[in-house]
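To start, the structure under review is shown below, and the notes come after it.
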Amino acid sequence: MITRISQSLKTKNVLIGITGGIAAYKACYLIRLFKKYVANVKTVITKNGLEFVTETTLRTLSENKVYSNTFSDSNEWSTEHISLTDWADIFIIAPATANIIGKYANGIADDALSTALLAFDKQVIIAPAMNGKMYENPAVQRNIDILRQQGVFFIDPGYGDLACGYKAKGRMAEPDEIFRESLYFLNKTDQLSGKKILISASRTVEMIDPVRYISNFSSGKTGFRLAEEALYTGAETVLVTGPTEEVCSNFIRRTDVSSSEDMYNEIIRESKDADCVIMSAAVADYTVNRSDKKIKKNKNDMTLDLLKTKDILKELGRIKRKGQILVGFALETDKGVLNAKKKLKEKNLDLIILNETNEKNPAFGSDFNRVTFISKSGFEEFPLMNKSEIAKLIIDKISALIK
Ligand code: CTP
């Protein structure tokens, strides 16, 4: 997982509440993720939570004092756990037992964690973890519904082996997912709220026969980072992606496609009311006259019939609405600036991001890239940066262009 280490995250305070469940060990990894990306972390843990992880572990990982007892002598003053809630920007309960969910939904405060929770008036994120039958219990579901209606964000548990021996829905979501969804609440602004940004990512796959295909090495990293940054502007964010290992926030509306034809149809349909379209996908330039049956190796040589695909970006440039911003990418191995400028003009774009791929800048698959922005008004060259930082620069540039 890559994300940029942002200046703004440095000033963010994250409070993690841990209750008594075996998934408490995963909370340790969650703390590490926040610390890696430089947010400040404090933890508050219930008495049962301390059966699973120790205060020493939490203190060491968070580099902060751990709050566990409302009337502990070591507290500087008796309402310290309340002042914690002023300090924190978000409060994440991971793992959350049926007990804490029930207490919170019914306004019960009988220890440091539940008291802090009731006193907290900003975004609460809850990652439940419990036995599958407990999770399905109507009383638990009713409490979850009450909290959802109050604006609490739930990260649903996954299906899998539970510590109690059952295979059911009840496993706490993975720390990566909790972290990803939390970033949305920490980073979001209303800079582009009411706008729609459409992004294509990854590669397309052109089938030769039922078992073979032609494609390229595009990983989707840039497109996914762009979608994250677009989401943080408050814009409605739509991601149309080819095959990829990348994952994105549930707040992004994602559609998976395979062939260039599928991508064309989806992008053209979604672009109608989009304020900005960013084509970062490496769309195949040729598709194959596909065989319905597996091709046999009867001959010493063979020829594939390749047919030119529709250029999605060129079509977007042709049907472009007034005020709509079109952004393309140019992947070049030589005469980069010249070729990118040609594409900018031919495809009627507002901005083109040039990446020149060579041994020094592999671009495909790497977390880093070296890019140049080219628009009608000139060009800006950037040093090697991580793809998250590049995505932020692109979205900042687009924000300035969108009226
Ligand atoms: N693109 C597209 N539809 C295609 C091919 C490319 O929308 N069928 C888009 C890409 O998403 C990218 C831009 O066009 O934003 C430029 O893609 P690139 O592969 O660099 O250039 P091509 O236009 O395909 O030209 P060439 O391969 O000859 O360099």
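First listed ligand is number 1; within each ligand, the first listed atom is number 1. This chain uses plain numbering: 1 for the first residue, then up along the sequence. Side-chain atoms are counted along with the backbone in the values below, which use heavy atoms only and exclude waters and symmetry mates.
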- Which atoms of ligand 1 have any heavy atom of Thr309 under 4.0 Å away? 8 (N)

Region of [X] engaging ligand 1 - heavy atom pairs below 4.0 Å:
| X | result |
| --- | --- |
| Asp285 | side chain |
| Lys343 | side chain |
| Ala284 | backbone |

Does ligand 1 come near enough to [X] that some N or O of the ligand is less than 3.5 Å from an N or O of the residue?
| X | result |
| --- | --- |
| Gly328 | no |
| Leu313 | yes |
| Lys310 | yes |
| Ser280 | no |
| Leu331 | yes |

- Note on the structure: the protein heavy atom lying closest to atom 3 (N) of ligand 1 turns out to be Ile312 N, 3.0 Å

- For atom 12 (C) of ligand 1, grab the closest protein heavy atom and report residue, atom and distance to one decimal in Å. Phe329 O, 3.1 Å

Could you check, using the six-membered ring where one of them is a Trp, whether [X] and [Y] have ring centers closer than 6.0 angstrom?
| X | Y | value |
| --- | --- | --- |
| Tyr232 | Phe185 | no |
| Phe52 | Tyr25 | no |
| Phe379 | Phe373 | no |

- Message: Checking contacts now, so for atom 28 (O) of ligand 1, which I'm interested in, is there any protein heavy atom under 4.0 Å?
- Response: no

- Message: Could you check whether atom 19 (O) of ligand 1 has a protein contact, counting only heavy atoms that fall below 4.0 angstrom?
- Response: no

Taking only Lys NZ, Arg NE, NH1 and NH2, and the carboxylate oxygens of Asp or Glu, determine whether [X] and [Y] approach each other closer than 4.0 Å.
| X | Y | result |
| --- | --- | --- |
| Glu63 | Lys35 | yes |
| Asp273 | Lys196 | yes |
| Lys133 | Glu136 | no |
| Asp110 | Lys103 | yes |
| Lys299 | Asp301 | no |

- Message: For Ala281, state whether at least one heavy atom is located under 4.0 Å from any atom of ligand 1.
- Response: yes

- Hey, is Lys347 one of the residues with a heavy atom under 4.0 angstrom from ligand 1? yes

- Message: If you apply the rule side chain to side chain contact (heavy atoms under 4.5 Å, CB included), what do you find for Leu186 with Val14, and how did you get there?
- Response: CA-CA 9 Å; Leu186 287 171; Val14 179; 4.0 Å; yes

